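What you see is a predicted model; the values in this text were computed from it and never measured. Each chain gets a letter, A, B and so on, in the order its sequence line appears, and its residues count up from 1.
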Amino acid sequence: MFGTVLTKSLRDQVRSFTGWSIGIVVLVVLMVALWPSVRDMPDLETFLANYPEGVKELFGIEAFGTGAGYLNAELFSLMLPAVFLVYSIGRGARLVAGDEQNGTLEVVLSTPVSRVRVLLETAGALVASVAALGGVLLIAALGGDLVTDMHVGVPALATGTLAMVLLGWEHGLLALAVGAATGRRGLAVGVAAGFALLSYILYVAATLVSSLSTWGPISPFHQALHSGPVGAGVPVGYVWMFLGGAVFLGASLPMFGRRDIATA
Amino acid sequence: MKEHHGYGAGDVSEAVIEATGLTKGYGATLALDSLDLEVPAGAVFGYLGPNGAGKTTTIRLLLGLLRPTSGQATIHGHDTWRERNEVHRRVGYLPGDFYGYAALTATQYLRYLARLRGRADVDWDVVEVLAKRFHLDLDRRIATLSHGNRQKVGLIQAFMHEPDLVVLDEPTSGLDPLMQNEFLALVREARDAGRTVVLSSHALDEVEAVADMVGILREGRLVVVDEVANLRSRARRRLDLTFEGSVPAAALRQVAGVRDLGVDGRTARLTVDGSLSELLELAAPFGIENVSSHETDLEDIFLAYYEDR
C-alpha cells in the first residue's frame, strides 16, 4: 500500500526496476566470469599496446590487467553508464510527463497536494530508485570481487557505483524537469538523451584533442569517468553532477507550477 | 458586458463560484471569452454547449489546471489559479476524459486519492456505499473495467470526500440509462445536503431533470443563463406527428408557436416553440397514431432566445 505521491511513484517503478536489476546482475556476472581468462592471457601487454592512445585513455586500457582496470574498461566506462542513463531518463520522463499524457495526472492535481510537492516527491522516488539500482550493482560487483581474485575492494567499487548513480540522477532529473516543465515525455527523453550524448562527445573530444582538454571537466561524463571511476576515490567532479541534477529540478519547479496542464 | 448572470435578482445566498471576465486564449483563438458567472451555493448548475464550445476549458480553469489569460474566478472566495490548493480541498472533480491508474484496483486507486486528500477527509463507508449503488466491483483492476465502470470510479472519487462543490465534466458519458438515473439521484441528494453541483453536457435533455439553472455556452461565450423551467418554456422542439387520417395542416398552422410545418404522407413534421399542450389538444381529435420528438437542439434554444430579444 502507499499513501503519498512518493510511495506511489516508487511502486510504479518496481517492474522496470526489477528488469533492469536483473540486467545489471547478468552483465556483471558475465564480465566477472571472463576475468580469469583475460588475466591469464599470456601476451596481454602486447595486445593492449596495440590499442590507439585515445581508446586506451577513454577505457583505462593501461590498467586492464588489474581487477579495477578491467571493470572500468568493460563495465564502468560505457555499458553501465548506458544502463543507468536509459533507466533514469526513461523513468524521469515518465513520472510527470508520462502521467500527464496518459491523463492520470489530472485527478491527482485536483487534490489538495500542491504541484511542488508532486514534483518533489516524484523526484524523490526517482533518486531513490536510481540509488537502489546502484545498490544492486554494488552487491553484484562485490559478489564478483569475492569469488574471483580481482582484489578491487569495497571502497573502489563503492565510488565506481556512486559515479553511475550520480550520472543517473543528473540525467534522470533533467528528464523529469523537462517533462514537468513542458508536459511532453518525448521531449523530456530527447533533451536528456541529447544532453548525455553531447556530454559524452565533449568528454571523448577533450580526451583525444589536447586543445579541448580544458573543456573536459564541464562534461558530466568527464566528471564521472575521468579518473576511474572504480578506484578513483571521490573526485570533486561528483559534486557538479549532484548540483546539476538539483539545478534542473529546481528550475522546473516554478515552470511546472505556472503552466497549463494538458489533457490526455 | 460586465453584467453578471446571476440566479435571480437580489439573490442573498453566497455565490460559490464567481467568474469575472474569465478568458482563456490559445494563440489567436479564444476558447473562453470573458465569462461572467455566479453559481449560488446549493444550486445544481447545468453547463451546456456543443462540443468545443469551451465547457471543459471553463471547468479546468475552475480547477486551477489552466491559467486564465485574463479575468479571474474564485471558488469560496479563493482564486482558482493562485490559491488552487485551497480550492482543491473543497472541490470534487470528474474530468471529461477520466483516467485512473490502470495497474491499480479501484480500491487501491481510491485509497490513494483519499490519502492525498488527507485520511480524515474521506469516510471509506461513503466509498463502499457509492460502489454498491453503482454496482462497481472495487477489487478489479482499472485496466480491466469497461468504459462505463471506469466512469463510475471517476464519479466515486469526485464524491467520496463529500465536497461542498462537485464539478463534473460530461458525467453521464458511458453510463447506461439505469446508472444515469442513479447518478441523477446522487446529484439530487448532494443538492439536498446543501452542496453545489456543476455538471456539463452537450444536451439539455441530460441535465434538465436535475439542474436548477442552466448556462449555455457557444463558441466560447456564455449566451444564456436561465432557470430550467424558463428555458424549457422557450425551447423549440421538433416533432413528427403521424395521424390516422390525413394531416390537418391548416388547423396545425393556427396553433401558436408552430412553425416550419411540412407534410410527408400522414406525418406532419413541425417545430414548436414553448409548450406543447395547445398543439396536442388541437391535434388529438384528428387521431394521432404516433408522436416522435427529437432531442432538443441547443442551437434551437439560442435561436429562440435571440429572436425574443
CH2 on B:W81 to CZ on A:R258, rounded to 0.5 Å: 9.5 Å
Interatomic spacing from CG in B:L62 to OG in A:S110 - rounded to 0.5 Å: 12.5 Å
Could A:D260 and B:R60 be called an ion pair, given the rule that one side-chain N must be under 4.0 Å from one carboxylate O? no
Considering all heavy atoms, the nearest A:E106-B:Y93 contact: OE2-OH, 2.5 Å
Could you tell me whether A:K8 sits above the aromatic face of B:Y109, with NZ or CZ closer than 6.0 angstrom to the six-membered ring centre and within 45 degrees of the axis? no
The reported gap from CZ in A:R259 to CZ in B:R67 (rounded to nearest 0.5 angstrom) is 11.5 Å
Atom CZ of residue position B:R140 - does it have more than 12 heavy atoms of other residues, nucleotides or ligands inside 6.0 Å? yes
If you count heavy-atom pairs under 4.5 Å with chain B, which of A:T104, A:L105, A:V107 comes out on top? A:T104
Between A:N102 and chain B, with a heavy-atom cut-off of 4.5 Å, which part of the residue counts as in contact: side chain, backbone, both or neither? backbone
When you compare the side chains of A:D99 and B:Y101, does any donor N or O come within less than 3.5 Å of an acceptor on the partner? yes
Heavy-atom neighbours of A:F17 CZ exceed 12 at 6.0 Å: yes
I need the single residue from B:R89, B:H161, B:E86 that forms a side chain to side chain contact (heavy atoms under 4.5 Å, CB included) with A:P112. Which is it? B:R89
Look at atom CH2 of A:W20 and say whether more than 12 heavy atoms of other residues, nucleotides or ligands are closer to it than 6.0 Å. yes
Is there a donor-acceptor pair closer than 3.5 Å between any side-chain N or O of B:H88 and the backbone N or O of A:T111? yes
Taking all non-hydrogen atoms of both residues into account, name the closest pair between A:V108 and B:L116 and its distance. CG1-CD1, 3.9 Å
In Å and rounded to the nearest 0.5 Å, what is the OG1 to CG distance from A:T263 to B:D97? 7.0 Å
So, taking the atom named OH in B:Y112 and the one named CZ in A:R11, what distance separates them when rounded to the nearest 0.5 Å? 11.0 Å
